[in-house]
Visitor: 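So that we are looking at the same thing, I have put the structure below in structure tokens.
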2 protein chains.
Amino acid sequence: MDIQQKLNQQGLRLTQPRQVIMEVLESTGMPLLPQTIQQRAHESGSKISLVTVYRTLELLIELKLVRRIHGQDGCHGYILSSPGHHHHIICQKCGRALEFNGADGIVKLLDQIERDTKFKIESHLLQLQGVCPDCQKEKDHEK
Amino acid sequence: MDIQQKLNQQGLRLTQPRQVIMEVLESTGMPLLPQTIQQRAHESGSKISLVTVYRTLELLIELKLVRRIHGQDGCHGYILSSPGHHHHIICQKCGRALEFNGADGIVKLLDQIERDTKFKIESHLLQLQGVCPDCQKEKDHEK
DNA sequence: TCCTTATTGAAAATCTTTTTCAATAAGGAT
DNA sequence: ATCCTTATTGAAAAAGATTTTCAATAAGGA
């Protein structure tokens, strides 16, 4: 089911701005701030109000097409997300993000924590920072 | 080394407002918003400017005495943190937070992810939500 | 092509966080 | 105990981020 259908299903419409915002997010593999999304849209020839960016992101999050990414400082970006449960690892150098699921490792970890803490775990937020393979190579060249 | 010493070490001072803010955080085991911290301080008889709350939190984070907690909505709270590396699990019912480290489970998980993604992992953000033992009991009573 | 109604954009409102600067208070020196 | 230096505070203002309002526009079914 594509986005068009997802929207129509709920009486919503696939509009120009919504398409453009999706394209901006698709063309970048990294978390973007609402401001940045607006800029990129402008650069590619579509003037979109910042208000619309906010509204669209909210919508896309509901549709599970986009996720919020948290920085240590609290400021957060938005990134396209494929369906299903997974997490993001973000490169400190180039900013690109990669999805991973690490499914069984996480399940084991959560089981262990449930035993240790006696909490019933309902949801988790896991986000990694590191250096991607490409940027590791560059680092080597510099030396 | 207590907070007094930590501060003096850097030419900083342990002031009334800083003490009060620490007390507020100590007396609650859950993440609080800056606003809420100010309110609690008022309630216990100390009028502190919101500006001071922000500044103090920033300082306490540098001193590793406090951590930021991220909500799904991006709005974040601040919570007291004991030294060392660990994470927080937050109860959805009562809001209380518990620290855990789950050290080896996490190390294994990160190793696995490094192998899978070829990223070099530098840091991670892990935060859990669930129901604490006490609130699980209450749930049973209701039934 | 028309019509209904979801959507957009501009401006204003709201909320959060940071900066500025004069007044205050911590804590070492006397 | 008192003085002095300077870190810290609070009030107001600035800056930034996000949301609301409302009239104008445009999607998509009839």
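Order of the sequence lines fixes the chain letters, A, B, ..., with proteins taken first and strands second; residue numbering starts at 1 for each chain. Worth knowing before you read on, the calculation uses all heavy atoms, side chains too, and leaves out hydrogens, waters and symmetry mates. Given the structure is predicted, the values throughout are model-derived calculations rather than measurements.
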Visitor: Quick one: list whatever passes ring pair (Phe, Tyr, Trp, His ring centres under 6.0 Å) with A:His88, sequence neighbours left out.
Guide: A:His86

Visitor: Using five base pairs at each end, measure the axis-to-axis angle across the helix from C:dT1-D:dA30 to C:dT30-D:dA1 and round it to 10 degrees.
Guide: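 Answer rounded to 10°: the end axes differ by 40°.
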
Visitor: Please evaluate residues A:His124 and B:His87 with respect to the criterion ring pair (Phe, Tyr, Trp, His ring centres under 6.0 Å), reporting the C-alpha separation (whole Å), side-chain torsions for both, the decisive distance (0.1 Å), and the verdict.
Guide: CA-CA 11 Å; A:His124 59 276; B:His87 303 277; over 10 Å; no

Visitor: Looking at DNA chain C, which of residues 44-54 of chain B put a heavy atom within less than 4.0 Å of it?
Guide: B:Val51, B:Tyr54

Visitor: Consider only side-chain N and O atoms of B:Tyr78 and B:Arg67, and report whether a donor and an acceptor are under 3.5 Å apart.
Guide: no

Visitor: Who pairs with B:Thr15 by side-chain hydrogen bond (donor to acceptor under 3.5 Å, both in side chains), at least two apart in sequence or on another chain?
Guide: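 Counting only residues at least two positions away or on another chain, B:Thr15 forms no side-chain hydrogen bond (donor to acceptor under 3.5 Å, both in side chains).
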
Visitor: A:Pro34 or A:Arg55: which one's nearest nucleotide on DNA chain D is closer to the 5' end?
Guide: A:Pro34

Visitor: Hey, can you pull the donor-acceptor pairs under 3.5 Å for the side chains in residues 29-45 of chain A, sequence neighbours left out?
Guide:
unit_1: A:Gln38; atom_1: NE2; unit_2: A:Ile48; atom_2: O; d: 3.1
unit_1: A:Arg40; atom_1: NH1; unit_2: A:Thr28; atom_2: OG1; d: 3.3
unit_1: A:Ser44; atom_1: OG; unit_2: A:Arg40; atom_2: O; d: 3.2
unit_1: A:Ser44; atom_1: OG; unit_2: A:Ala41; atom_2: O; d: 3.1

Visitor: Going by heavy atoms closer than 4.0 Å, what residues in residues 7-24 of chain A are next to DNA chain C?
Guide: A:Gly11, A:Leu12, A:Arg13, A:Thr15, A:Pro17, A:Arg18

Visitor: Looking at residues at least two apart in the chain, or sitting in another chain, which of them share a side-chain hydrogen bond (donor to acceptor under 3.5 Å, both in side chains) with B:Ser82?
Guide: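 In terms of side-chain hydrogen bond (donor to acceptor under 3.5 Å, both in side chains), with neighbours along the sequence ignored, B:Ser82 is linked to B:Glu99.
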
Visitor: Side chains of residues 51-60 of chain A: which donor-acceptor pairs under 3.5 Å do they make with residues two or more places apart or in other chains?
Guide:
unit_1: A:Thr56; atom_1: OG1; unit_2: A:Thr52; atom_2: O; d: 2.7

Visitor: Below 3.5 Å, can you tabulate the donor-acceptor pairs from side chains in residues 18-26 of chain A to any protein atom, sequence neighbours excluded?
Guide:
unit_1: A:Arg18; atom_1: NH1; unit_2: A:Arg13; atom_2: O; d: 2.7

Visitor: Hydrophobic clusters join Ile, Leu, Val, Met, Phe, Trp and Tyr when side-chain heavy atoms are under 4.5 Å apart, directly or via other members; which others share one with B:Leu126?
Guide: A:Ile89, A:Leu98, A:Phe100, A:Ile106, A:Leu109, A:Leu110, A:Ile113, A:Phe119, A:Ile121, A:Leu126, A:Leu128, B:Ile89, B:Leu98, B:Phe100, B:Ile106, B:Leu109, B:Leu110, B:Ile113, B:Phe119, B:Ile121, B:Leu128

Visitor: Can you list every side chain to side chain donor-acceptor pair (under 3.5 Å) pair that touches residues 2-12 of chain B, not counting sequence neighbours?
Guide: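 Applying side chain to side chain donor-acceptor pair (under 3.5 Å) to every pair that reaches into residues 2-12 of chain B, excluding sequence neighbours, yields B:Gln4-B:Asn8.
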
Visitor: Earliest and latest nucleotide of DNA chain D, 5' to 3', sitting under 4.0 Å from a non-hydrogen atom of chain A?
Guide: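 Range of nucleotides within reach of chain A: D:dA17 to D:dG28.
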
Visitor: Can you tell if the side chain of B:Gln127 reaches within under 4.5 Å of the side chain of B:Ile69, non-hydrogen atoms only?
Guide: yes

Visitor: Should B:Cys132 and B:Cys94 count as side-chain neighbours, where that means a heavy-atom distance under 4.5 Å?
Guide: yes

